[in-house]
Amino acid sequence: QVAALGGISTICYCFVLPAAAIESVLMQGSFAERKTVAVTAIGLSTSFISVIISYVFIVHIGVSPKGALMTVALGFVIAKFLKSIMLIINLRRSTPIFPAKDLFIFLPKLIVLTALVGICAFGASRLCEKVVPDGLAKTMKVVQLQAESHAEAVVEEKPLPTAEEATAT
C-alpha cells in the first residue's frame with residue numbers, strides 16, 4: 001500500500017513539472033529586474049491558496065487518506081499554475097514579453113503538456129505493475145527481507161544468503 005501511495009503521489013506531482021519549469025524561468029526574469037517584493041507576495045499568496053485547498057478538502061469535506069494525499073499534491077499543482085500565470089502578468093508590466101495573443105495560445109499548450117506528462121507518469125506506473133506483477137509492495141518486502149538477512153549474516157560472520165534463502169524465512 002505504501003508503494004501504491006507513492007505511485008499516486010508521483011503521478012500527481014508529475015503534473016506540476018511544466019508549470020515548475022516555466023516558473024523557474026519567470027522567477028529568474030523577475031529577480032533580474034529586482035522585483036523581489038512582488039515575486040515574494042505572489043509566492044506567499046499562491047502557497048496560501050495551496051494550504052486553503054488542502055484544508056478545505058481534508059478538514060471540511062473529509063476526504064480519505066488517499067484523497068488527502070491527492071488533495072495536497074494537486075493543490076500544489078494548482079498553486080504552481082496560478083503562480084506562473086501571476087508571474088507572467090507581473091513581468092508583462094515592465095517587459096515586452098508574452099503578447100496577449102501568444103499568451104492565449106501558450107497557456108492551453110501548457111495545460112495539454114501537463115496532461116501528457118500526467119498520462120506518461122500513469123503509463124509508467126502501469127508498466128511497472130506489469131514488469132513487477134506481484135506488486136511493488138511485495139517486491140519492497142522481499143528487498144527488505146534480503147537486506148535484513150544480509151545484515152544478520154554480516155554481524156554473525158556467516159556466508160551471505162541467496163535470494164531464495166532470504167525470502168524463505
Side-chain angles (χ1 to χ4, degrees), residues 1-31 33-95 97-98 100-141 143-144:
Q1 183 172 358
V2 173
L5 291 176
I8 290 169
S9 176
T10 301
I11 290 168
C12 290
Y13 282 116
C14 281
F15 281 119
V16 84
L17 293 176
I22 290 168
E23 177 204 3
S24 67
V25 172
L26 294 170
M27 291 289 287
Q28 290 175 11
S30 298
F31 283 119
E33 291 190 339
R34 302 184 199 283
K35 294 183 174 192
T36 57
V37 175
V39 172
T40 302
I42 290 169
L44 287 173
S45 64
T46 55
S47 293
F48 185 68
I49 289 169
S50 176
V51 170
I52 293 286
I53 291 170
S54 298
Y55 177 77
V56 167
F57 276 87
I58 294 169
V59 175
H60 291 293
I61 296 176
V63 295
S64 68
K66 189 185 292 187
L69 174 67
M70 291 175 61
T71 297
V72 171
L74 293 175
F76 177 69
V77 171
I78 291 166
K80 281 290 183 192
F81 269 95
L82 289 174
K83 184 176 182 181
S84 294
I85 291 168
M86 292 169 78
L87 286 171
I88 288 170
I89 292 168
N90 186 51
L91 263 177
R92 283 188 66 200
R93 291 181 182 167
S94 61
T95 310
I97 59 170
F98 301 117
K101 179 184 172 191
D102 293 340
L103 186 60
F104 286 115
I105 292 171
F106 173 74
L107 291 177
K109 285 181 180 180
L110 179 62
I111 292 168
V112 169
L113 178 62
T114 300
L116 289 174
V117 168
I119 290 167
C120 288
F122 180 75
S125 174
R126 288 294 190 204
L127 181 63
C128 284
E129 288 176 7
K130 298 290 183 207
V131 172
V132 186
D134 291 336
L136 292 176
K138 198 170 192 179
T139 303
M140 290 173 66
K141 185 67 175 171
V143 170
Q144 177 187 1

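These values consider heavy atoms only, across backbone and side chains, with no hydrogens, waters or symmetry-generated copies.
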Given the rule in the side-chain contact (heavy atoms from CB on, under 4.5 Å) test, do T46 and K80 qualify, once you have shown the distances and angles that lead to the verdict? CA-CA 7 Å; T46 55; K80 281 290 183 192; over 6 Å; no
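- Pairs of residues two or more places apart, or lying in two chains, never qualify as salt bridge (charged side-chain N to carboxylate O under 4.0 Å, His left out) while including a residue from residues 106-123.
- Interatomic distance, CG of L87 versus CD1 of I42, reported as 4.5 Å (0.5 Å rounding).
- Listed by chain and residue number, nothing satisfies the side chain to side chain contact (heavy atoms under 4.5 Å, CB included) test with I119 (two or more places apart in sequence, or in another chain).
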Test S47 against K83 for side-chain contact (heavy atoms from CB on, under 4.5 Å), laying out the working first. CA-CA 9 Å; S47 293; K83 184 176 182 181; over 6 Å; no
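- N90 and V39 get closest at one heavy-atom pair: ND2-CG2, 4.5 Å.
- To the nearest 0.5 angstrom, L74 atom CG is 10.0 Å from S50 atom OG.
- With rounding to the nearest 0.5 Å, the separation of OG1 in T71 from CD1 in I58 is 5.5 Å.
- Evaluation of the ring pair (Phe, Tyr, Trp, His ring centres under 6.0 Å) test over residues 46-68, restricted to residues two or more places apart or in two chains, returns Y55-H60.
- For the pair S24 and A21, the tightest heavy-atom approach, listed with the atom from each and the gap, is OG-O, 2.8 Å.
- Contacts classified as salt bridge (charged side-chain N to carboxylate O under 4.0 Å, His left out) and involving residues 45-64 (residues at least two apart or in different chains) are not found.
- Under the side chain to side chain contact (heavy atoms under 4.5 Å, CB included) criterion, I22 pairs with L26, S84, F106, L110, sequence neighbours left out.
- Taking CG of L91 as the reference point, atom CE of M27 lies at 10.5 Å (rounded to 0.5 Å).
- Of all non-hydrogen atoms in P108 and I105, the two that sit nearest each other are CD-O, 3.4 Å.
- The 12-atom threshold is not exceeded at CE of M70, counting heavy atoms of other residues, nucleotides or ligands nearer than 6.0 Å.
- The distance from the CG atom of L113 to the SG atom of C120 is 9.5 Å, given to the nearest 0.5 Å.
- Every residue two or more places apart in sequence or in another chain was checked for a side chain to side chain contact (heavy atoms under 4.5 Å, CB included) with A20, and none qualifies.
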